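Because the structure is a prediction, the values reported are computed rather than measured.
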Amino acid sequence: MNDSSGSAACDKAPALCRDGDKAGGANEGVVHDNPTLPSWARLPINRCNLPAVILGSLTYQHTPAPLMLDGVHELHRDFFRMLNTRETAEERVQLFHDYMTMCFRLESLEDAGFAPGMAKNRGKLNYLKLIRGWHFNSDSVEGAVLKAWVESRFGLLPRHHRAPIRDFSSEPYRLYLEQRATGLYNTNALESQLDLVYTFTQIELARRYPETQHFRLYRGVNRWEAHEILGERVSGGKRESILLLNNVNSFSTDFERAGEFGDHVIASEVPLTKIICCAQVMPGKLQGEGEALVVGGVYEVRRM
């Protein structure tokens, strides 16, 4: 694959293959300008049409391709057929929320197996409450569930939950597993609800922005030095940093809004295919006008 900047990854040119995921030896102390997704940040399998090593890579950010979750279109074919008959965005969004309520019995928990006297506190957790809980605190139980869903569907491992996760026998990872189990226990197919949230968002974005592959989005960050910086490169006369982001991240279309959440603001060209949900598609359901939930991986970013 050619790259006019001279930073290309090619399996026929060993000098240009800069995986950056092997510690020690020739790679020790080297700052790569075209790293792949490190092996310790991904699973070997996932539940979509592209493996994690591809969809989480820098190459994918530059040249995205559609991502499709296994079985969602087949299982909900009638919903997608109805969706095609709605002409306006408002009608499609309303149909989506109505279908979610009906399909997952969100207002009739007894139909989903909840008996009188059974604790309903976890059963009440649905896709909307999960997304709102994430925005309130991404290190909450809701945050753990969302990170677990991305791990399962896209094969990207979480890199942070209350603290950096660098050792899968560590206390932060144990807490993540515990909160993931707590959040999913006694809920009504919560991960399947998220499958539909993502798939509907992708259909709606493709319909509204048929010629667009990327949104320029902004994110407020603190403690820049604590981020996983995989490399740097110069593009257009400006220095870009290559980061390994957590497997789920909040971004905003509004620079000023993003600046409220950190000492620094980073900007990145985010593939539409990596947007889980956003305020454009679900108006009034997220925290702010320009909020977006984004699948992580390796990203080229610019500090503003």
Quick check: closest heavy atoms across [X] and [Y], and the distance to 0.1 Å?
| X | Y | result |
| --- | --- | --- |
| Arg153 | Ser192 | NH2-N, 4.3 Å |
| Tyr299 | Leu58 | C-CD1, 4.1 Å |
| Cys277 | Val197 | CB-CG1, 3.9 Å |
| Leu37 | Ala52 | CD2-O, 3.3 Å |
| Val93 | Val281 | CG2-O, 3.2 Å |

Exercise. Show the numbers, then the answer: is there a salt bridge (Lys or Arg N to Asp or Glu O under 4.0 Å) between Arg180 and Glu151?
Key: CA-CA 11 Å; Arg180 177 180 74 178; Glu151 178 182 343; 3.8 Å; yes
Qualifying residues under ring-ring contact (aromatic ring centres under 6.0 Å, His included), relative to [X], sequence neighbours excluded:
| X | answer |
| --- | --- |
| Tyr198 | Phe154 |
| Phe96 | Tyr127, Phe200 |
| His264 | none |

[X]: partners by side-chain hydrogen bond (donor to acceptor under 3.5 Å, both in side chains), with sequence neighbours left out:
| X | result |
| --- | --- |
| Asp167 | Ser169 |
| Asp263 | none |
| Glu91 | Thr88 |

Would you indicate whether the side-chain heavy atoms of [Y] and [X] approach each other to under 4.5 Å?
| X | Y | result |
| --- | --- | --- |
| Leu217 | Ser268 | no |
| Val221 | His227 | yes |
| Phe80 | Val72 | yes |

Self-check item: Qualifying side chain to side chain donor-acceptor pair (under 3.5 Å) pairs, either residue in residues 209-225, two or more places apart
Solution: Arg216-Glu269
Taking salt bridge (Lys or Arg N to Asp or Glu O under 4.0 Å) as the test, write out the residues that go with [X], two or more places apart.
| X | value |
| --- | --- |
| Glu240 | Arg302 |
| Arg303 | none |
| Arg208 | Glu204 |

Quiz item: Are any side-chain N or O atoms of Ser152 and backbone N or O atoms of Ala148, one a donor and one an acceptor, separated by less than 3.5 Å?
Solution: no
Quiz item: Taking Thr187 for the side chain and Leu125 for the main chain, is one N or O donor matched with an acceptor at less than 3.5 Å?
Solution: no
Quiz item: Atom CD of Glu191 and atom CG of Asp195: how far apart are they, to the nearest 0.5 Å?
Solution: 7.5 Å
Quiz item: Distance from Ile276 atom CD1 to Leu146 atom CG, nearest 0.5 Å?
Solution: 5.0 Å
Quiz prompt | Listed partners of Arg162 passing side-chain contact (heavy atoms from CB on, under 4.5 Å), at least two apart | solution = Asp139, Leu175, Gln179
Exercise. Linking directly or through intermediates, with side-chain heavy atoms under 4.5 Å: list the remaining ILVMFWY members grouped with Leu43, chain and number order.
Key: Leu157, Ile165, Phe168, Tyr173, Tyr176, Leu177
Practice problem: Might you confirm whether atom CE of Met100 has over 12 heavy atoms from other residues, nucleotides or ligands at distances under 6.0 Å? | Solution: yes
Quiz item: How are the rings of His76 and Phe104 set to each other: parallel, tilted or perpendicular (split at 30° and 60°)?
Solution: tilted
